[in-house]
Amino acid sequence: MQIKPKLNNIIQEAFKAINITPKTTQVSDATKPEFGDYQYNGAMALAKELKTNPREIASKLAEQLQKNSIFQKVEVAGPGFINLTLSNEFLAKNLPNTLNERAGVQEKENPIRVVVDYSSPNMAKQMHVGHLRSTIIGDTLANLFEFLGDEVIRQNHIGDWGTQFGMLIAYFEENQKDIDAKLSDLEEFYKAAKKRFDESEEFADKSREYVVKLQSGDEGCLKLWSAFIEKSLEHCQEVYDKLGVKLDNSCVKSESSYNDDLANIIADFEAKGIAKESQGAKCIFFENSKNPLIIQKADGGFLYATTDLAAIKYRVKELGAKRVCYVVDARQSEHFRQVFEAARKAGYADESILLEHIAFGMMLDISGRPFKTRDGGTVKLIDLIDEAVKRAKEVISRANDYSGEELEKIAKAVGIGSLKYADLSINRTSDYIFDWNKMLSLEGNTALYMQYAYARINSILKKAGGFEESEPILSDELEHRLALKILSLDDTLQKASKEAMPHYITSYLYELATLFMRFYENNPILKEGVPKNIKTSRLNLAKATANAIKTGLGILGIEVLDRI
RNA sequence: GCACUCGUAGCUCAGCAGGAUAGAGCAUCCGCCUCCUAAGCGGAAGGUCUCAGGUUCGAAUCCUGACGGGUGCACCA
């Protein structure tokens, strides 16, 4: 359930009762536990506007709020803060609702269609660390939107139409062999082709010729090209499967698929008077930026921007998307600002359509430089994933003895989970420093902490052997706070969805798990001497916590384990 | 040069539609397993929120400027 909107309504009603119409009635989380659960700070600003005493307004408002049984305590503090504490009855009454598959999270009444564009690998090369953030953040957002009820279309905008394909075809022609053998290591093949391209002018010319041939539909070229793509997609799929990312061939919507519409786009922009010719190229100029967006080169070739415009048109008009999220690194901010503005000008997306660049920072090594291999090359994503699992295996076997099969399973969940969590727990807009030790440390705010909390709860529930689902008895502050936290999952997910910020979810989960651990230390569940009703109550709290953790981690694409 | 973005504890990061004594984790120090998983819990210490102005009853948060880092800047994607 969503608590904050409910509180906002209650405050609005209370204002009505005292004949004041405030601009906003947003409650916020209490800054400290002593202040209660939530606080409303609007009285100060309001007093200024109405030229009265803030404490007076706050007192009057508090008086009204007190009448509502949702609150255990309403307190006016300092210059006019209103501190709100929810009643245990309210929390207890709602807690059983979280014992279902959705952990008590409401499904949207008015779902919209959302396109999430993420991962977007280049088909000529293997995926590298640069693709990690887009893939993970995008998948999480898609999961999140979907969970909240939106109709999500995951799109993998693969780069399959660039000039690099001419190079690959040319190189293949030179070294004609069995295509499978040649492409078994695509990276090597690409490097070899690139080397030839840089060394030989003749080869470079030939490559360019092949691009033209390819793009004009030469059958032989197309056949080779699709073989490259197919092979390349197999590599990508291997990565997605290992990561547990929900992308597959049905999500692929390639650059080349927009090819037939590109000429129309140019014509349309020209007809609408939005595009102008400048130095031979077709450009769109903007008032607040000196750089134009080039949509057609002087030689007639189309560009990235052209494809992006066609993609917007397709996503809005054909797919009916109301929100389109581009999970692409922050360096392309200006590009997307321009593309979005151009799309608006052309009427491809009206103001009601949300076009969002979900920008993220770079992945850096411990010394703050771009993440590279020891010899300075790019780190292949598949290697990074395997390394994470390998290291997780070492770390967990140090702490415990596992059978071979169990070790594999746990290492995979912990390794992949940690890799994802390390990324998702940081505000996506900033660059982040990737540190193996920090990521796989067994302490603190890591995936393992949540997985551990979940496994512990699971162990208790298993030992208890079943219990009656009922309203818990919230007997102390810890239980009160735990119950409140469990019930705030919905508010957290709403906020994370609205702002497309996965790290709100990780913060929530960490707070939840921490509260549980404290509860667990202080409030015995199965130990001797615990009265039956208390035991049942605590089992309910434990189960609800496990549910919230599982749901939250599920959205992040992180597996839970029954036992660690 | 222009634009965007960032600067918070020794390190890595939260907090930023203004609100009370600025929060975590790691690292450091001190405690807690005859007791539901110690991969845990409790505690200590650690900050003039880069600097200087401004707006405000109130600024880490908003505005201006400086300094410092990163990124992007016409026919790559």
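Just so it is clear: chains get the letters A, B, ... in the order the sequence lines come, proteins before strands, and each one is counted from 1.
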task = Identify whether the distance between the nearest side-chain nitrogen and carboxylate oxygen of A:D423 and A:K420 falls below 4.0 Å.
result = no
remark   = Taking B:rA77, B:rA14, B:rG23 as options, the one with an atom nearest any side-chain atom of A:K32 is B:rG23
task = Could you work out which one of B:rG70, B:rC41, B:rC36 sits closest to the side chain of A:E521?
result = B:rC41
Under-4.0 Å side-chain N/O to phosphate OP1/OP2 contact, A:S425 with B:rG25 = no
request  = Sort out the partner of B:rU61 for me: Watson-Crick or G-U wobble, both distances under 3.5 Å, none otherwise.
outcome  = none
note = Pairing partner of B:rA14, by Watson-Crick or G-U wobble and under 3.5 Å for both distances, is none
ask   = Atom CD of A:E49 and atom C1' of B:rC57: how far apart are they, to the nearest Å?
value = 15 Å
ask   = For A:W436 and B:rC26, what is the distance between atoms CH2 and P respectively, to the nearest whole Å?
value = 21 Å
key: hbond_proxy A:Y449 side chain to B:rA38 base (donor-acceptor, 3.5 Å cutoff)   = no
inquiry  = So, does A:K438 get its side chain near the phosphate of B:rA27, meaning an N or O under 4.0 Å from OP1 or OP2?
reply    = no
Atom pair distance, as rounded to whole Å: CG in A:D308 and C1' in B:rC76 = 13 Å
message = Say we look at B:rU71 and B:rC62: how far apart would their P atoms be, to the nearest angstrom?
response = 24 Å
task = Rounded to whole angstrom, note down the C1' distance from B:rC73 over to B:rU12.
result = 32 Å
message = Nearest whole Å is fine: how far is B:rC11 P from A:N437 CG?
response = 17 Å
inquiry  = Looking at A:R518, I'd like to know whether one of its side-chain N or O atoms comes within less than 4.0 Å of OP1 or OP2 on B:rG42.
reply    = yes
message = Expressed as a whole number of angstroms, how long is the span from A:R428:CZ to B:rC13:C1'?
response = 16 Å
B:rU37 versus B:rA20 - spacing of their P atoms, nearest Å = 40 Å
task = Consider the side chain of A:I460, meaning its heavy atoms from C-beta on, and name the nucleotide among B:rU37, B:rA14, B:rA74 that approaches it most closely.
result = B:rU37
ask   = If only atom types and distance count, is the side chain of A:H131 paired as donor or acceptor with the main-chain N or O of A:H128 below 3.5 Å?
value = yes
query = B:rC6 and B:rC41: how far apart are their C1' atoms, nearest whole angstrom?
reply = 36 Å
inquiry  = I'd like the C1' distance from B:rA3 over to B:rA22, given in whole Å.
reply    = 32 Å
Integer angstrom distance from the C1' of B:rC2 to that of B:rA74 = 15 Å
ask   = According to a strict under-4.0 Å criterion, is A:S507 in side-chain N/O contact with OP1 or OP2 of B:rA14?
value = no
query = Under 4.5 Å between any side-chain heavy atoms of A:K393 and A:E408, yes or no?
reply = yes
Pairing nucleotide - B:rC67, Watson-Crick or G-U, each distance under 3.5 Å = B:rG7
message = Is A:Y452 stacked against the base of B:rG40, taking the criterion as centroid distance under 5.5 angstrom and interplanar angle under 30°?
response = no
ask   = Has the side chain of A:K527 got a donor or acceptor that lies under 3.5 Å from a partner of the other kind on the base of B:rC35?
value = yes
Nearest-angstrom distance, P atom, B:rU64 to B:rU55 = 15 Å
query = On a whole-Å scale, what distance lies between the P atoms belonging to B:rA52 and B:rA60?
reply = 13 Å
inquiry  = Any carboxylate oxygen within less than 4.0 angstrom of a Lys/Arg side-chain nitrogen, looking at A:D491 and A:K495?
reply    = no
key: Spacing of A:H335 atom NE2 relative to B:rA3 atom C1', expressed in whole Å   = 17 Å
ask   = When you match A:A77 and A:I457 each to their closest nucleotide on RNA chain B, which lands nearer the 5' end?
value = A:A77
message = When you measure from the side chain of A:R428 to the backbone of A:A500, do you find a donor-acceptor pair of N or O atoms at a distance under 3.5 Å?
response = yes
message = Among B:rC13, B:rA77, B:rA74, which nucleotide has an atom closest to any side-chain atom of A:Y432?
response = B:rC13
ask   = Taking the six-membered ring for Trp, are A:Y452 and A:Y449 ring centroids under 6.0 Å apart?
value = no
Chi-based syn or anti call at B:rC33, which uses purine or pyrimidine torsion atoms and a 90° bound = syn
ask   = Taking the nucleotide of RNA chain B with the closest heavy atom to each, which residue, A:A399 or A:T31, is nearer the 5' end?
value = A:T31
query = Who is the Watson-Crick or G-U wobble partner of B:rA44, with both distances under 3.5 Å?
reply = B:rU28
key: Options B:rA20, B:rA74, B:rU71, nucleotide nearest the side-chain atoms of A:F35   = B:rA20
query = When the aromatic ring centroids of A:F35 and A:F81 are compared, is their separation below 6.0 Å?
reply = no
ask   = Quick one: the side chain of A:N83 and the base of B:rA20, do they pair up donor-acceptor inside 3.5 Å?
value = yes
inquiry  = I want to check one thing: is the phosphate of B:rG15, taken as OP1 and OP2, less than 4.0 Å away from some side-chain N or O of A:H503?
reply    = yes
query = Taking a pair as Watson-Crick or G-U wobble with both distances under 3.5 Å, which nucleotide is matched to B:rC33?
reply = none
remark   = Considering only heavy side-chain atoms of A:M44, the closest of B:rA39, B:rC57, B:rA14 is B:rC57
message = Taking the minimum atom-to-atom distance to the side chain of A:N291, which one of B:rC73, B:rG40, B:rC36 wins?
response = B:rC73
note = As its Watson-Crick or G-U partner within any shown strand, both distances under 3.5 Å, B:rG1 has B:rC73
task = Mark yes or no for a side-chain to base donor-acceptor pair under 3.5 Å between A:S278 and B:rA74, with no hydrogen or angle criteria applied.
result = yes
key: Base of B:rA20 and ring of A:F81 stacked, centres under 5.5 Å, planes under 30°   = yes
remark   = Regarding the side chain of A:E334, the nearest nucleotide among B:rU37, B:rG72, B:rC4 is B:rG72
query = Does the gap between the ring centers of A:F340 and A:Y326 come in under 6.0 Å?
reply = yes
query = Of the nucleotides B:rG19, B:rC57, B:rA39, which has the atom closest to the A:N400 side chain?
reply = B:rA39
task = Let me know the distance between CZ of A:R369 and P of B:rU71, rounded to the nearest Å.
result = 12 Å
key: Nucleotide B:rU37, atom C1' - distance to CG of A:D562 in whole Å   = 14 Å
ask   = Which of the following nucleotides, B:rA14, B:rA20, B:rA39, is nearest to the side chain of A:S430?
value = B:rA14
A:L364 vs A:F434 side-chain heavy atoms within contact, under 4.5 Å = no
